[in-house]
2 protein chains.
Amino acid sequence: MANIHDIAKRAGVSVSTVSRVLNNHPYVSESKRAAVQRVIDEMDYTPNRVAVDLIRKETRRIGVIMPYNNNQAFDQLLHGVLNRSVELDYTVMVLPTKYDPEKELACLKMLKNKQLDGIIITSRSNAWKAITPYAKYGTIIACEYTDHPEIGCAYIDRYASYLETFQLLKDKGHSRVAFTTARGEESNSTQLTIRAYQQVFGALPPEYQIRDCYSIDDGMHAAKQLLHLDRRPTAIYANGDEVATGIYHYAAQLKLEVPEDLAIIGQENQPVGIGLQLSTVDHQLVKVGEQAFDLAIEKSMEKVEIPYRIIKRPSI
Amino acid sequence: MANIHDIAKRAGVSVSTVSRVLNNHPYVSESKRAAVQRVIDEMDYTPNRVAVDLIRKETRRIGVIMPYNNNQAFDQLLHGVLNRSVELDYTVMVLPTKYDPEKELACLKMLKNKQLDGIIITSRSNAWKAITPYAKYGTIIACEYTDHPEIGCAYIDRYASYLETFQLLKDKGHSRVAFTTARGEESNSTQLTIRAYQQVFGALPPEYQIRDCYSIDDGMHAAKQLLHLDRRPTAIYANGDEVATGIYHYAAQLKLEVPEDLAIIGQENQPVGIGLQLSTVDHQLVKVGEQAFDLAIEKSMEKVEIPYRIIKRPSI
DNA sequence: TTGAAAGCGCTAACAC
DNA sequence: GTGTTAGCGCTTTCAA
């Protein structure tokens, strides 16, 4: 394939002149510019992006660390990132980790070896202490709040969100409230959920927390465990609308009325919950993704909070 | 940041020796290897990947053209690609196009400018004629069948799938069968669905085809249009399980029994359909994605068919 | 306004 | 086994 030298030779100019027309630099005579452009078109020449990246020391490419891609929440985040990347002519790399700390670090290393200008961490398994050292090689943006000055954040005040949701349930007269989570205590979200619960309701009966919930099926299993308890919960706060949907279906099988016998509220305002009229806490993850991207390309270490909103529908 | 010359100097060897230990080449004395390794560790050195890519003329990176990322089908495909990429230590770039032909071509161009070794097209808006010229710059794999010898394919025999599904419905006694599609006639899938319908049932009453269906909500709207027709369909073949779910809900609102009053069958075997016991045609898109990836890195132009399977549940 | 030349950081052919 | 050196394809001083 033709390179910049071939173009220069055929156009009868130097490579610097070709480079100048390639990058729209001023101080190129119209005649030479036209001649170069003609040869470029003739030869169907495209500059090698890798060579450009090498010399410019930037790639206009950012990575998104995502434990899973087939998950509503991460998908929304990615969607936000992609939205902005297309507008700003950046390119994005998906970095699946399955919460493997080694893999996570390997992804961060792509900053160090110059493959990526920045990385957005949608969720992580490593401690910040292991992550921050990579900030000197490129921008690191988190989709959660952290004090670390070298990390930019596009975050939701999850604690406030959980608190308000539990309080809402309490205000509606519920005292037996259960909830589901994705991961266990190793997860920041889970910890905050538990703390918010305790703040509102006091001690958490262990049987009121069900882990490893991601899908509708998981929601059904969770409901199976919860709805046969002696002290059956009258409300369940699900960690997603799919899970909430599963709970709804299992409750229906038991002929329990929603919300009379069981109040249900989910998270993320997914299409799946709309038909069932499920209440939900929308953490606006698409916006979080967009904001995270913007911070990444601005190399900003700001902490930007994205507001959440509780969407009340008949299920509570 | 340190480069290979710094390492060489500090270790008292030449850059080639450093390069050799970096790439685990034989013919390096143990003593030098150890010395080099020590300096590498001391200086916390990582080779610049861009420079390596430039000289090796490959990136071990492949792109996935996806009209949308927040869509069940494309998400499964991407999931398959990601599965294999992690195993084989490749990296993947998501290329959203929203079916914009210009953008699609711009993505293909990343082959030409050496950013990508290969591209997987999950769905396209350009004609093959516009796409194939890019095959000389890198591997192009399609997730649909095409004759073009320069394109590898990981595909489902969609025509057979649609045919079998319509035939199944006919065998169950249905003669008034409607269906939903995503895009209109510009889409290959839509065309095949129509042809299969005509093959089984003859002329297609225009009101039996509803387009632009993606979500549960779209399914509800489709059902609204279909279930009030004078000649109300007794079966609906939805283009996805979310859409099928919307149809189910709307039918429930009308107090129609499934499958007695209305048979419903969806596609892609999504979690959302399992709770509702919806029948579905599983096109095994995760496998398609995995296969597409394998073809991409083998630079293969084979045409590999992935079998579909009809999953019969109580909804038909 | 233009061109020569010095890199960017690395690999690999070649010579020793 | 090891080092020298010529690139990979481009951008950007610097001098003319």
Side-chain angles (χ1 to χ4, degrees), chain A residues 1-40 43-61 109-117 137-138, chain B residues 1-40 43-61 109-117 137-138:
Chain A
M1 269 232 335
N3 65 22
I4 198 171
H5 287 98
D6 301 329
I7 304 299
K9 196 179 302 170
R10 264 183 79 147
V13 299
S14 72
V15 293
S16 359
T17 298
V18 177
S19 177
R20 288 187 187 104
V21 349
L22 247 20
N23 297 287
N24 291 310
H25 280 306
Y27 303 123
V28 181
S29 66
E30 258 326 305
S31 64
K32 296 225 171 193
R33 185 182 297 279
V36 169
Q37 192 57 57
R38 217 191 46 246
V39 175
I40 286 175
M43 319 248 313
D44 192 26
Y45 165 75
T46 304
N48 181 318
R49 178 62 185 271
V50 181
V52 175
D53 288 350
L54 176 61
I55 199 160
R56 291 227 175 108
K57 296 174 186 312
E58 68 158 29
T59 56
R60 294 183 73 85
R61 186 183 306 141
K109 203 170 164 184
M110 300 173 89
L111 289 175
K112 190 174 173 190
N113 71 19
K114 302 293 181 195
Q115 284 196 79
L116 258 23
D117 294 347
Y137 304 118
Chain B
M1 271 233 331
N3 64 25
I4 197 171
H5 288 98
D6 302 329
I7 304 299
K9 197 181 303 172
R10 264 184 79 145
V13 300
S14 72
V15 293
S16 6
T17 299
V18 178
S19 177
R20 286 188 188 105
V21 350
L22 249 19
N23 297 288
N24 291 310
H25 280 305
Y27 305 124
V28 182
S29 68
E30 259 326 305
S31 64
K32 299 226 170 193
R33 184 182 297 277
V36 168
Q37 191 58 56
R38 219 192 43 247
V39 175
I40 286 175
M43 318 247 314
D44 191 27
Y45 165 77
T46 305
N48 181 319
R49 179 62 185 270
V50 181
V52 175
D53 288 350
L54 176 60
I55 200 160
R56 290 230 174 105
K57 295 174 186 315
E58 69 161 27
T59 58
R60 293 183 74 82
R61 186 184 306 142
K109 202 170 165 186
M110 300 173 89
L111 248 26
K112 189 172 174 190
N113 70 21
K114 301 293 181 193
Q115 285 195 78
L116 258 24
D117 293 348
Y137 304 117

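Computed from a prediction, not measured in an experiment: that's the story for all the values here.
Counting non-hydrogen atoms under 4.0 angstrom, A:Ser16 reaches a base of the nucleic acid. As judged by a 4.0 angstrom heavy-atom cut-off over every strand, B:Val50 is placed among residues making no nucleic acid contact. Among the atoms of the strands shown, only primed sugar atoms or phosphate atoms (P, OP1, OP2) are found under 4.0 Å from some heavy atom of A:Lys32.
Using modelled atom types, no side-chain atom of B:Asn113 and backbone atom of A:Pro47 make a donor-acceptor pair closer than 3.5 Å.
Rounded to an integer number of Å, the gap from A:Tyr27 OH to D:dC14 C1' is 16 Å. Between the P atom of D:dT2 and the CZ atom of B:Arg20 lies a distance of 8 Å, rounded to the nearest Å.
Here A:Tyr137 pairs with B:Asp44 under the side chain to side chain donor-acceptor pair (under 3.5 Å) rule; sequence neighbours left out.
Side-chain contact, A:Lys112 with B:Thr46: a donor N or O sits under 3.5 Å from an acceptor N or O.
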Where do N or O atoms of nucleotides 6-10 of chain D meet protein N or O atoms at under 3.5 Å, pair by pair?
from: D:dC8; atom 1: O3'; to: B:Lys57; atom 2: NZ; distance (Å): 2.8
from: D:dG9; atom 1: OP1; to: B:Lys57; atom 2: NZ; distance (Å): 3.2
from: D:dC10; atom 1: OP1; to: A:Tyr45; atom 2: OH; distance (Å): 2.5
from: D:dC10; atom 1: OP1; to: A:Asn48; atom 2: N; distance (Å): 2.7
from: D:dC10; atom 1: OP2; to: A:Ile4; atom 2: N; distance (Å): 2.5
from: D:dC10; atom 1: OP2; to: A:Tyr45; atom 2: OH; distance (Å): 3.2

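Look at B:Ser29 and you won't find any side-chain N or O under 4.0 angstrom from OP1 or OP2 of D:dG1.
Going from atom NZ of B:Lys114 over to atom CE of A:Met1 covers 5.5 Å, rounded to the nearest 0.5 Å.
The two residues B:Pro26 and B:Arg33 come nearest to each other via the heavy atoms CA-NH2, 4.5 Å. Taking both residues in full, the closest heavy atoms of B:Arg61 and B:Gln115 are given as NH1-O, 2.9 Å, listed atom of the first, atom of the second, then distance.
Interface limits on DNA chain C: the 5'-most and 3'-most nucleotides within less than 4.0 Å of chain B heavy atoms are C:dG9 to C:dA13.
Put simply, the side chain of A:Ile40 reaches to within 4.5 Å of the side chain of A:Val21, judged on heavy atoms. Counting heavy atoms from C-beta outward, B:Leu22 and B:Tyr45 have side chains that approach closer than 4.5 Å.
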Give the table of side-chain donor-acceptor pairs shorter than 3.5 Å for residues 4-12 of chain A, with sequence neighbours excluded, one pair per line with atom names and distance.
from: A:Asp6; atom 1: OD2; to: A:Asn3; atom 2: N; distance (Å): 2.9
from: A:Arg10; atom 1: NH2; to: A:Glu42; atom 2: OE1; distance (Å): 2.9

Residues 48-58 of chain B side chain polar contacts: donor-acceptor under 3.5 Å, at least two apart:
from: B:Asn48; atom 1: OD1; to: B:Val50; atom 2: N; distance (Å): 2.7
from: B:Asn48; atom 1: OD1; to: B:Ala51; atom 2: N; distance (Å): 3.2
from: B:Arg49; atom 1: NE; to: B:Asp53; atom 2: OD1; distance (Å): 3.0
from: B:Arg49; atom 1: NH2; to: B:Thr59; atom 2: O; distance (Å): 2.7
from: B:Arg56; atom 1: NH2; to: B:Asn23; atom 2: OD1; distance (Å): 2.9

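End-to-end axis angle of the helix from C:dT1-D:dA16 to C:dC16-D:dG1, using five pairs per end and rounding to 10°, comes to 40°.
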